[in-house]
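Structure first, commentary second.
We name chains A, B, ... by the order of the sequence lines, and we start the count at 1 in each one.
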2 protein chains.
Amino acid sequence: MSRTIEFKSLAPHVSLGDLVYQQIVEALVSGQYAGGEELNEVILAAQFHVSRTPVREALRRLAAEGLVVNQRNRQTTVVEISPSEVVQTYQVRQILEAAAARMAATHISSTRLAELKGLAKAATPRSDADWGNGERKFDEELHRAVAESCGNAKLQREIQRYNNLVRFVRSRVARSPQHLAHGHTEHLQILTALEHRDPTKAEAAMSAHIASALQVVLEELPLLARRP
Amino acid sequence: MSRTIEFKSLAPHVSLGDLVYQQIVEALVSGQYAGGEELNEVILAAQFHVSRTPVREALRRLAAEGLVVNQRNRQTTVVEISPSEVVQTYQVRQILEAAAARMAATHISSTRLAELKGLAKAATPRSDADWGNGERKFDEELHRAVAESCGNAKLQREIQRYNNLVRFVRSRVARSPQHLAHGHTEHLQILTALEHRDPTKAEAAMSAHIASALQVVLEELPLLARRP
DNA sequence: CGGATGCATACTGTATACACTTTGCGGTGC
DNA sequence: GCACCGCAAAGTGTATACAGTATGCATCCG
């Protein structure tokens, strides 16, 4: 299994710990590690051509975010996601982002709204094969805009922090891009509620959106068992 | 300023990093550091009679929780809490715990409810000087019970993690114990809603409770300026 | 043949040494 | 006198050496 990793990047004032962290997150979120797999500090250090110190730093950070588990004197292991934990993760996301949507309805700037409308148009598929990229970008930007525009930096921070776990969980269970098409009308409803500056509707739309995303994911759950 | 710290405790399978972390949290939450104060790794290591490694670990963890800030190549500093950040912190807490209360209404066990009722009785003051301890214990246990009984381990974890920041913020601004007396009837309303298994009322009661706790704190805000 | 015991091994936990970055101060040249 | 340059000190970032702990295996005893 070739899992060699290249970087030693050109970034000047970013610590190796940060780089290693980002690399491992990317690897985890793109499904390169199996649930329960052991992450050996020495091996990782060799792969990244750094010492154990930055690797340890990254692993502790990942553990704090819930992507890996480390018990004292044991190798840290990639978290195993049970169906019930998928539900729990989406529930927490629902709680955080629904609240953010409610607040964003009164705080979001009109320029930001205009940006989103542009992306929404771009995401509308010309052909049916055309889904994918445009919709994914719209999805990401919408959620990001809601978090950034909620008017509460601490809530924004929690949402973005939690997003790593969400991406991790999703990468374990969602394979088909069907949820993208599925989510388009929901996204538009959220956007419309924001345009109308309607907190209640924005909250409800976001809540429904995440609930339905969970449903889509749950239908694919049998996949959970067989992972690389 | 004698800030010597004793431990080197008897705990067998707890790492020094954990111990240092707990000690610093305790120090931060009990107001032993001023906002903006610099936390020097070497000095802390000396105070705890350990090397810099566990200290660094603890500091990174605290940074992840938002109690301190560290920029690359700069000393980590204790976070400075502005009035607006007090509001933001309580808002996030409100979002998380109100949701937990709603869920706990359907999940909490009757034995747990009985425990809480016992504490509630014990917290009712015989004399007026008697507030304080009983009420604080009731408060803590109620919030803990709600988090633990919400039926979502991930939500519970986020609440407990966030609680460190809440305690930190509160320690900066709340001086008088007046909020304890103030909160008693609100606590009872939460408990009653839980007993009635009424999610909506439980959520509303918790939400109102935290909002009013914020109000009490805001009235003491002038204190924010002058800290040790 | 089964089980317990001791040892080797492979890790993580901690300490320490070294490198790099930032910053403030002092000297020097204009 | 002022500005700029350079250097030294202090502090963090990283690497590495050392210590401690859990675990599997082999061996020995019953």
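Judged as a salt bridge (charged side-chain N to carboxylate O under 4.0 Å, His left out), and not counting sequence neighbours, the contacts of B:R93 are B:E97. Residues satisfying the side chain to side chain donor-acceptor pair (under 3.5 Å) test with A:S51, not counting sequence neighbours, are none. Scanning for ring-ring contact (aromatic ring centres under 6.0 Å, His included) contacts around B:H143 gives B:H209, with sequence neighbours left out. Not a single salt bridge (charged side-chain N to carboxylate O under 4.0 Å, His left out) links B:R74 to another residue, sequence neighbours left out. A:V87 pairs by the side-chain contact (heavy atoms from CB on, under 4.5 Å) definition with A:Q91, A:L214, A:L218, not counting sequence neighbours. Taking the salt bridge (charged side-chain N to carboxylate O under 4.0 Å, His left out) definition, one finds that B:E203 meets it with B:R102, sequence neighbours left out. For A:F138, the ring-ring contact (aromatic ring centres under 6.0 Å, His included) partners two or more places apart in sequence, or in a different chain, are A:H187. With sequence neighbours excluded, the residues forming a side-chain contact (heavy atoms from CB on, under 4.5 Å) with B:V25 are B:Y21, B:V29, B:L62, B:N164, B:R167, listed by chain and number.
A:E38 places its CD atom 9 Å from the P atom of C:dC11, with the value rounded to the nearest Å. At whole-Å resolution of the value, CD in B:E57 and P in D:dG13 are 14 Å apart. Between A:H49 atom NE2 and D:dA15 atom P the separation is 12 Å, expressed in whole Å. Atom CD of A:Q71 and atom C1' of D:dA22 are 12 Å apart (whole Å).
Between B:V14 and A:R72, the closest side-chain pair of non-hydrogen atoms is not below 4.5 Å.
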remark   = 5' to 3', nucleotides 17-22 of chain C under a 4.0 Å protein heavy-atom cut-off (B base, S sugar-phosphate only, - none) gives B---SS

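In this structure, of D:dT12, D:dA15, C:dG13, it is D:dT12 that holds the atom nearest to the side chain of B:R56. Minimum atom distance to the side chain of B:V42 is reached by D:dT12, of the listed C:dT12, D:dT12, D:dA15. Closest to the A:P54 side chain, of the nucleotides C:dT12, D:dG13, D:dT14, is D:dT14.
A rotation axis mapping the C1' atoms of four pairs onto the next four is fitted at both ends of the helix from C:dC1-D:dG30 to C:dC30-D:dG1 over five pairs, and the angle between these axes is 10° to 10 degrees.
Comparing A:T76 and A:T53 by the nucleotide of DNA chain C that holds the closest heavy atom to each, the one mapping nearer the 5' end is A:T76.
Comment: A:D139 does not engage A:R144 in a salt bridge, judged by the lack of any side-chain N to carboxylate O separation of less than 4.0 angstrom. Using a 4.0 Å cut-off between charged side-chain N and carboxylate O, A:R112 and A:E141 make a salt bridge.
Near-neighbour residues of DNA chain D inside residues 58-67 of chain B, defined by a heavy atom below 4.0 Å, number-ordered: B:R60.
For B:E158 against B:L96, the heavy-atom pair with the smallest separation is O-CD1, 4.5 Å.
Judged by distance alone, the side chain of B:E37 and the main-chain N or O of B:A34 form a donor-acceptor pair under 3.5 Å.
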Extract from the structure each pairing of a protein N or O with an N or O of nucleotides 5-10 of chain C at less than 3.5 Å, listing the distance.
none

